[in-house]
Every structure is written in structure tokens, then in C-alpha cells.
Amino acid sequence: MKRVRKERQRLSMNINLKITVLVFSFFFVLILAKLSYVSLSDDVDGINLREFADNRNTTKQPIHASRGSIYDVNGDELAKTVKSYTVIAYLSSTRTTNEKKPQHVVDKEGTAKALSPIINMSEEQILKLLNQDLYQVELGPGGRGITEDTKKTIQNLELPGISFISSTKRFYKNKSYASYLIGYARRNSQGEIQGEMGIESYFNDQLKGTDGWTEYQQDAYGYPLPNTQITEEAESGSDIYLSIDNNVQFILENVLTKLKNEHSLDWAQFAVMDAKSGAIIGSATVPNFDLNTLNGITTYLNPLTSYQYEPGSTMKIFSFMAAIEAGIYDGNATFQSGTITLKDGTRIKDFNNVGWGTINYNTGFSYSSNVAATKLALELGSGALKDFYEKFGFGKKTGITLPGESEGIVDFNYESELANASFGQGMTITPIQMLQALSVFANDGVMIKPYIISKIVDAHGKTISEGQREEVGRVVNVTTVEQMKKMMYDVVYNGFSYNKAYAPDNVTIAGKTGTAQIASSGGGYLTGEYDYVKSFAGFFPYENPQYVFYFSTKRLVSNSSALTKAVSSAVGEIAKVLNLTESKQDADVSKIVSISNFISSRVDATLADLEKIKVQPVVLGNGSYVVNQFPIKNTTVLEGSKLFLLTNGTEFKMPDVIGWSTNEIIRFCNLMGISYRLNGYGVVESTNVLTDSVIQFDTVLEIELKVK
């Protein structure tokens with residue numbers, strides 16, 4: 001019995017063992033199957049294991065590209081990316097471990113008082129931030145985006161608990177200069193600097209470059225594993241050189257700023273184009289705004305390309321040319337000025353309502369007769385005049401590389417619409433269209449397309465795009481152009497006596513005035529005393545046209561003297577900086593000298609050489625050697641011209657700048673690397689730094705200008 005019991009126990013154990021082995025084998029097979037499935041498949045239970053493993057162990061960090069800079073045509077920097085800082089204050093006392101060296105803000109009132117004038121915030125604003133129950137706080141808005149110099153000023157105060165967060169921002173050296181052309185860029189929600197207006201916006205892709213990245217494997221503790229790093233370097237953005245000439249731009253900016261400061265107006269714009277090439281060398285507008293702070297911005301439209309308005313009598317340039325080109329114009333034929341009644345009963349009047357009696361058509365153009373323009377347009381017909389306007393580019397975009405260009409409207413059919421269009425009412429244009437159309441006077445009837453980009457240079461220094469002359473095509477015959485040039489000359493010099501005030505005393509110009517009523521939103525036109533867009537379109541020098549310009553302003557509260565002064569002053573100064581008043585071709589050849597390279601030469605030897613060629617040296621600094629000069633080598637100048645010599649000195653005294661031209665004082669400031677502000681226009685009358693006093697480089701040179 002005992003043996004039977006043992007045998008049963010043995011059999012039971014064997015059965016249990018077999019069952020255990022079978023169960024174990026079953027689960028082992030399942031595990032092997034699962035492992036095989038996992039090892040052979042990328043996706044398990046909806047999860048990509050390969051990507052999961054890679055993401056757990058791989059880190060990828062971006063390398064941000066440097067944004068390109070924007071320059072004027074001469075290489076003066078207008079926009080660049082600089083380091084910026086945000087002021088932060090540590091408020092928690094837990095940061096301080098040594099009371100003798102506190103690491104948090106201890107004296108809140110004293111800190112607020114010290115920082116207030118530096119970051120342009122009131123003490124109350126700063127104290128409100130410092131009194132919060134936080135570990136740290138940003139001192140904004142004034143403490144955001146400060147410069148390196150401002151940071152150093154704050155650091156020198158040695159205020160406990162005050163620190164800085166480093167970043168980058170876009171910096172515009174000349175603040176409101178060419179604001180609507182350059183535009184601005186700022187950080188977007190992704191932390192990237194993004195162009196939002198002007199050139200910064202239109203060429204954002206070229207300026208921003210291409211970001212790179214660094215990727216590497218890391219261990220369980222987050223440390224990089226050796227030999228696992230892969231890097232794609234960032235490609236810096238391209239640099240953009242505008243066709244704008246700083247010297248011309250500053251003149252236009254100052255003229256319009258003075259106009260705005262002395263008179264009420266809605267807006268004014270003044271643009272100049274090299275009509276031989278199509279390069280826009282200056283375009284200013286008021287109101288403008290500070291590109292660094294955006295203070296003063298009232299519109300996001302660039303007046304040069306986006307403002308479209310009825311131009312008024314400047315369109316008589318083209319309606320009279322249409323008649324000349326069609327062979328129906330006789331300048332000596334006479335007509336009765338004053339009023340003309342159309343078939344539908346519409347009465348067209350000259351601007352003085354009574355006219356000047358019986359006059360000829362040439363005089364009618366000089367006097368800006370609406371009746372003369374209407375009679376010629378009626379003989380032409382609406383189709384012919386519309387076609388002629390469209391040949392000159394009115395009613396369509398020029399294609400200039402600026403955002404938001406408008407087309408204007410050229411659409412007239414009825415007799416009254418035709419009459420109005422002949423003197424620039426009932427149709428709209430843009431300033432850039434007017435500049436393009438005026439280019440025919442410098443090119444014997446061939447129209448030139450305007451451009452704003454001189455060149456684009458990539459990160460490797462290669463020029464990848466370059467602005468150049470582009471002919472739209474011949475739009476009018478040479479004989480027609482020559483006849484209109486003489487008629488526009490007569491407007492200034494032989495028309496109304498007050499028109500002579502448009503002419504500078506140093507260069508001969510030709511042009512046409514314009515006065516257009518402002519359309520009312522409810523139909524018809526506004527009737528207020530100053531409800532007009534006033535303008536002047538012209539070219540210079542008259543003898544050999546090279547540059548065209550267009551000035552216009554809306555609701556200017558002033559008489560005509562403000563307009564004439566703005567035009568004559570600006571064109572006169574521009575003629576000087578462009579050397580049109582002292583033409584080397586007309587000068588005595590014996591008085592033209594070539595400038596050599598004096599960099600690295602001793603100052604005393606350089607002065608001796610300059611005395612021989614009768615050039616006026618302006619030595620900057622007390623150094624013994626020349627480290628920079630302007631004009632540069634191989635430049636030809638007239639005897640008596642200034643040559644600036646920057647030395648390796650340690651002390652720089654203010655030269656006697658009274659009587660210097662705008663161009664000369666600007667070149668002096670740029671060579672010295674000092675900030676400046678021009679007030680008025682003309683030659684230097686005074687500055688806030690006395691002659692022979694030591695120049696402090698953190699001082700802004702205030703320059704008062706006056707017309708000779």
C-alpha cells in the first residue's frame with residue numbers, strides 16, 4: 001500500500017512537471033514570436049519603434065543664420081542685425097548667499113531712480129515691477145532691446161540684482177531716414193527676425209538666409225555620445241545695396257521735415273531718379289517714422305508706390321505731348337481762355353475762372369490753361385489720349401521691387417471725363433509712374449524702367465543680382481520731346497513770375513506745376529481752401545537732362561512760396577552733391593587733379609604733397625599717420641576741394657565746419673563715425689560742438705544748415 005502511494009505521487013509529479021514544461025514552452029514560444037515580430041517590424045501597436053528609439057537618443061539644435069545688411073549705393077550701412085539686451089531684476093533674496101555681495105535688488109527706490117533716465121521709464125513704473133512677489137522680472141518696455149552702450153552704462157552703476165538677457169535685433173542707424181523704403185523687421189512668434197515692410201519685407205527670403213542645424217546622439221544622462229555629431233552649417237543672408245544715395249536722401253529728408261515743421265499738411269513726398277539708368281537715388285516722405293521703435297507710423301503704404309491720387313496739371317505735360325505727337329498742335333494758334341462749355345453743358349474753367357483773354361497754346365501751357373488742354377483733348381478723342389497715357393505707363397504697375405505697388409486708374413470715355421483727364425482730374429497716378437514717364441526727357445523719347453536695388457551680394461561676396469538700365473521702349477518721337485522740353489522751360493522762366501522761384505540759382509531746370517482738387521467720398525470734390533494735392537514735376541540740368549524729380553503734397557496749409565522754396569532748395573543742393581554745378585567737363589582741365597593713396601603715409605609728408613596739387617586738407621586727429629581718407633585714391637576733383645585725412649590719433653578736435661556743404665559735413669561725420677542730426681538745408685551755419693573742442697564720440701552732432 002505504501003509502495004502504491006509512492007508510485008501515485010511519482011506519477012503525479014511527472015504529470016505536473018510535464019504540464020509545467022508544456023505551459024512554459026507555450027509562453028516561451030509566444031515570447032519568441034513577439035520578439036521576432038518586434039525585431040522584424042518597424043510598427044508595433046501603432047508605434048514606430050525605430051523613430052521612437054531615434055527620438056529618445058537624438059538631439060537636433062538649430063543654428064540661426066545671420067540676416068543680411070542693407071546699404072545705400074555707396075556702401076553706407078542703413079540696416080543691420082546687432083546684439084541687444086533685456087534688463088532683468090532678480091527680486092528673490094534666496095539668490096544672495098553673502099550679504100556683503102547681494103545678488104538681488106536690495107534698494108528698490110534707489111534702483112528705480114538710477115535706471116529711470118537710462119531706460120526711459122518713470123520711477124513709478126520701475127518700482128511697480130520691482131515690488132512684485134516674483135523671483136525675477138523684466139524691466140520693460142524701456143529695458144527691452146537696449147544697445148551695448150546702454151548696457152555698459154547700466155553695468156557701470158553696479159546695481160545689485162540687475163542683469164541682462166542677450167539677444168539680437170534689427171538696428172537702423174538713421175532712424176526715420178527712408179523709413180518707407182527700407183521698412184522694418186522684428187521678431188515673430190517663432191523667434192525669427194521677419195521683414196514686415198519695405199525692402200525688409202520684399203526681400204525677406206534673400207536677407208534672412210538659411211538656418212542650419214546640429215544633430216547628435218546622447219546617452220541616458222543627456223551627454224553627447226562621441227563621433228555622433230552631424231552639422232549642417234547656416235547660410236548667412238545676402239546683403240542688399242539700394243540705389244539710394246545718402247547725400248541726396250538726406251537733402252530730401254531735411255527739406256520735407258522743414259516743410260512739415262513749418263506748415264500743416266496731410267503728407268508730402270519728394271523723389272529723384274537718375275533718368276539715364278532708372279535708379280531711384282532719393283525718395284523721402286513726411287510723416288515718416290522711427291524704424292527702431294515704430295514711433296510715428298501712421299500708414300503701412302509707401303507713398304512712392306502705393307499712394308494713388310489725381311495729379312492735376314502735371315498731366316498737361318503728356319496731354320499736350322499727345323497733341324504734338326498726333327500732329328494737331330500749333331503752339332502759335334490762338335484760343336479764347338477762361339471758360340469752355342461742352343456739349344453736355346459741363347463748363348470747364350481756367351484756375352483763375354476768367355483766363356487771360358486770347359492767347360496762343362504755348363502761352364496756354366505756361367499759364368496752365370485747362371481750356372487749352374480741353375480743346376486739344378477734344379480734337380484728339382478719348383481713345384487716342386487714353387492710349388497715349390497708357391504708353392507712358394499710367395494705369396499699370398512699373399514693376400519696381402517694392403511691396404504694395406498700385407496701378408492707378410486711367411479710364412475715361414465721355415466728353416466731360418476726357419476734358420478732366422487732359423488736366424489730370426478724374427484719373428489717378430502714383431509718384432513712381434510719374435518718374436518713369438518723365439524719363440523720356442533724358443533719353444530722346446525712350447522710357448526707362450525705375451529700379452531701387454543697386455545690387456544683391458550673397459554671403460560669399462558674389463554679386464547675384466545687379467540693377468541696370470532697362471528700356472521700356474520708345475513712347476514718343478525726339479522732336480516731340482524737344483518741343484515739350486522748351487515748353488517746360490518756359491513754365492519756369494517765362495511763365496508766371498512766381499514760377500521762377502522754383503529755379504535754383506546754380507542749375508537750370510524745366511518742369512510743370514500741378515494743382516488737383518481732392519475727390520470727396522460722397523461724390524464730387526472737396527471745396528476747402530487747402531483741399532488740394534499740389535505738385536511739381538521736372539528734370540535737370542535743362543541743357544543735358546540727367547535727373548527727373550517729382551514733388552507732391554496733400555492739404556498743405558501755405559501759399560506757393562513753401563512749394564517753390566522746397567523744390568529750389570532741394571534741387572540746388574542735389575545739383576551740388578552730384579557735381580552738376582562744377583562740371584569737370586566744363587572746367588579748366590589744368591584745375592582737375594587726381595587724388596593719390598595717402599593711407600599709411602605720414603601726415604606731414606601728405607600735407608606737403610597736397611600743397612603741390614592745391615587740394616585743401618582737413619586733418620582729423622593728432623596722429624602721425626593717415627589711416628583713412630576721402631575722396632579715395634584715383635578720384636578726380638577740382639583744385640580747392642577738401643580732402644579728409646583720418647589719422648591714428650588719440651584726440652580729435654572739431655574743425656571749423658562753418659560754410660561747409662551738406663555733402664561735406666555728412667562725409668566728415670561718416671568718416672569719424674559719429675552720429676549727427678541735420679536741421680534745415682543748405683550750408684553749415686552752426687553746430688553744438690565748438691571749433692577746436694575735443695569731440696566726444698557719444699555726442700550727437702547737431703548741425704544747423706541755412707541756404708546761402
Side-chain angles (χ1 to χ4, degrees), residues 72 74 76 173-174 177 245-255 257-258 281-282 504-507 565 568-584 587 591 593 595 598 603 606-607 610-611 613-622 626 628-632 635-647 649 651-697 699-708:
D72 88 324
N74 298 313
D76 289 335
K173 180 178 69 174
N174 297 321
Y177 165 106
D245 184 320
N246 259 352
N247 301 315
V248 174
Q249 185 67 25
F250 274 119
I251 291 169
L252 298 180
E253 297 275 354
N254 290 327
V255 165
T257 299
K258 183 176 178 65
I281 62 173
D505 58 9
N506 60 351
V507 65
K565 188 175 182 180
S568 62
S569 299
V571 174
E573 283 296 313
I574 291 169
K576 288 179 186 177
V577 302
L578 296 176
N579 294 320
L580 298 177
T581 57
E582 294 179 324
S583 173
K584 295 170 190 173
K591 293 184 178 181
V593 295
I595 299 298
F598 297 108
V603 172
T606 300
L607 294 178
L610 294 178
E611 187 175 353
I613 62 174
K614 299 179 181 179
V615 171
Q616 181 184 348
V618 179
V619 179
L620 307 175
N622 59 353
V626 178
N628 204 352
Q629 70 179 70
F630 187 86
I632 60 176
T635 302
T636 57
V637 300
L638 295 173
E639 286 183 2
S641 298
K642 290 182 179 65
L643 176 65
F644 295 95
L645 302 170
L646 183 65
T647 73
E651 184 179 82
F652 296 84
K653 292 186 176 181
M654 187 70 180
D656 183 2
V657 300
I658 308 304
W660 283 15
S661 70
T662 304
N663 184 37
E664 290 170 336
I665 194 67
I666 289 173
R667 284 300 175 191
F668 161 72
C669 293
N670 287 341
L671 197 62
M672 290 287 290
I674 58 177
S675 299
Y676 59 92
R677 186 179 295 112
L678 300 174
N679 302 310
Y681 43 86
V683 299
V684 178
E685 181 180 30
S686 64
T687 71
N688 62 335
V689 179
L690 297 176
T691 301
D692 290 331
S693 61
V694 176
I695 297 173
Q696 303 297 325
F697 284 86
T699 299
V700 176
L701 185 63
E702 295 282 352
I703 305 163
E704 299 296 329
L705 303 170
K706 70 172 183 178
V707 178
K708 275 187 178 181

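Note that these values count all heavy atoms, side chains included, but never hydrogens, waters or copies made by symmetry.
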When you measure from the side chain of [X] to the backbone N and O of [Y], does any donor-acceptor pair fall under 3.5 Å?
| X | Y | result |
| --- | --- | --- |
| D505 | S568 | no |
| N628 | F630 | no |
| N622 | E651 | yes |
| T647 | V626 | no |
| E573 | I251 | no |
| D245 | N247 | yes |
| S569 | K565 | yes |

Nearest 0.5 Å please: distance from the [atom1] atom of [X] over to the [atom2] atom of [Y].
| X | Y | atom1 | atom2 | value |
| --- | --- | --- | --- | --- |
| M654 | I674 | CE | CD1 | 6.0 Å |
| Y177 | E253 | OH | CD | 7.5 Å |
| T257 | L252 | OG1 | CG | 10.5 Å |
| Q616 | L610 | CD | CG | 10.5 Å |
| L671 | Q629 | CG | CD | 9.5 Å |

Q) NZ of K642: more than 12 outside heavy atoms within 6.0 angstrom? A)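 Atom NZ in K642 is packed in, count exceeds 12.
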
Less than 4.5 Å apart, any side-chain heavy atom of [X] and any of [Y]?
| X | Y | result |
| --- | --- | --- |
| I703 | W660 | no |
| T606 | L643 | no |
| L701 | M672 | no |
| L620 | I695 | no |

(Q) Can you tell me how the ring of F668 sits relative to the ring of F644, calling it parallel under 30°, perpendicular over 60° and tilted otherwise? (A) tilted

**Q.** Any residue meeting side chain to side chain donor-acceptor pair (under 3.5 Å) with E702, in chain and number order, not counting sequence neighbours
**A.**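 Only R677, N679 meet the side chain to side chain donor-acceptor pair (under 3.5 Å) criterion with E702.
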
Q: Using the test side chain to side chain donor-acceptor pair (under 3.5 Å), find all partners of D72 that sit at least two apart in sequence or belong to another chain.
A: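 Side chain to side chain donor-acceptor pair (under 3.5 Å) list for D72, sorted by chain: empty.
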
(Q) Could you work out, with side chain to side chain contact (heavy atoms under 4.5 Å, CB included) as the rule, every residue matching N506, not counting sequence neighbours? (A) P504, A575, K576, T581

Q: Considering non-hydrogen atoms only, spot the tightest contact between S641 and V615 and give its length.
A: O-CG1, 3.2 Å

